[in-house]
Amino acid sequence: GQQLNQSPQSMFIQEGEDVSMNCTSSSIFNTWLWYKQEPGEGPVLLIALYKAGELTSNGRLTAQFGITRKDSFLNISASIPSDVGIYFCAGRDSGTYKYIFGTGTRLKVLA
Amino acid sequence: DGGITQSPKYLFRKEGQNVTLSCEQNLNHDAMYWYRQDPGQGLRLIYYSQIVNDFQKGDIAEGYSVSREKKESFPLTVTSAQKNPTAFYLCASHSPPNEQFFGPGTRLTVL
């Protein structure tokens, strides 16, 4: 089945640094989502994007819906230890109930 | 509080036994989903259901079965035909305008 490509696969950063990750698809989506998963838990929705070019923030997190509708980006500013986890992107076409998930970016923050 | 309940959190079974994982939601969502996650991997769709009494295969349906007799419930049976059933299983639900919401997951270990 299709999976979206996320990069980087993993990141080790120092506390206070900014983080950038992205997600690309071979097909167009009308909705892009970003989730965070902590060990042993289900993913939690961070940001949802519905319009090409849209830039949306949630606290220190900012995500963008790429203008080609085939990619999305997530930035985390001033990282803190509790940002540790796996970040997944997901795409969905309007009118469908099926989500396609990315392969995940594993983030570790060193205090 | 509205949410998704998956029980139990940890499940152990002997090889060759069928096992059913429970998923209940009180969010009044129409659609429900089952995903499988292997260590260090992303989410792979097993089955999803858009309405009661209807469901569709995902990317890795072989060796699994589901039912959707009630809107609130979407149990997943891992059959003995599933060759490598040890994994983390996530249930999710969705109804527009809300996006997909995940349960806490069940970790299945087959001995």
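If you're wondering where the values come from, they're calculated on a predicted model, not measured in any experiment.
Of the possible donor and acceptor atoms, none in the side chain of A:K98 sits under 3.5 Å from a partner among the backbone N and O of B:G58.
The hydrophobic clustering, which links ILVMFWY residues whose side-chain heavy atoms are closer than 4.5 Å, places B:L27 and B:F102 apart. When hydrophobic clusters are built by joining Ile, Leu, Val, Met, Phe, Trp and Tyr residues whose side-chain heavy atoms come closer than 4.5 Å, directly or via intermediates, A:L46 is grouped together with A:V109. Hydrophobic clustering (side-chain heavy atoms under 4.5 Å, transitive across Ile, Leu, Val, Met, Phe, Trp, Tyr) keeps B:I4 apart from B:L108. A chain of hydrophobic side-chain contacts below 4.5 Å, direct or via other Ile, Leu, Val, Met, Phe, Trp or Tyr residues, connects B:L76 to B:F55.
Of the two parts of B:Q37, only the side chain, counted from C-beta on, holds a non-hydrogen atom closer than 4.5 Å to a non-hydrogen atom of chain A. Within the 4.5 angstrom heavy-atom criterion, only side-chain atoms of B:L45, from C-beta onward, approach chain A. There is no contact between B:P39 and chain A, counting heavy-atom distances below 4.5 Å. Interface residue A:F88: only side-chain heavy atoms are found under 4.5 Å from chain B. Only the side chain of A:Q37 has a heavy atom closer than 4.5 Å to any heavy atom of chain B. Interface remark: A:T31 contributes side-chain atoms only to the contact with chain B (heavy atom separation under 4.5 Å).
Around the CD atom of A:Q14, the shell of radius 6.0 Å holds more than 12 heavy atoms that belong to other residues, nucleotides or ligands. Residue-environment remark: NZ (B:K83) stays at or below the threshold of 12 foreign heavy atoms within 6.0 Å. For B:L111, the CG atom is densely surrounded, since the number of other residues' heavy atoms within 6.0 Å is greater than 12. Within 6.0 Å of atom CD in A:E17, more than 12 heavy atoms from other residues, nucleotides or ligands are found, so the atom counts as buried in its surroundings. B:E62 CD: 12 or fewer foreign heavy atoms inside a 6.0 Å radius.
Taking both residues in full, the closest heavy atoms of B:L43 and A:P43 are given as CD1-CG, 4.1 Å, listed atom of the first, atom of the second, then distance.
Between B:Q100 and A:R92, the closest side-chain pair of non-hydrogen atoms is not below 4.5 Å. Counting heavy atoms from C-beta outward, B:Q41 and A:T103 have side chains that stay 4.5 Å or more apart. The shortest side-chain heavy-atom distance between A:Y99 and B:E99 falls under the 4.5 Å cut-off. Residues A:Y97 and B:P96 are in side-chain contact: their nearest non-hydrogen atoms beyond the backbone lie under 4.5 Å apart.
Distance check, rounded to the nearest 0.5 Å: CD1 of A:I100 to CG of B:D59 gives 6.5 Å. Atoms CG and CG, from A:L45 and B:N98 in turn, are 9.5 Å apart once rounded to the nearest 0.5 Å.
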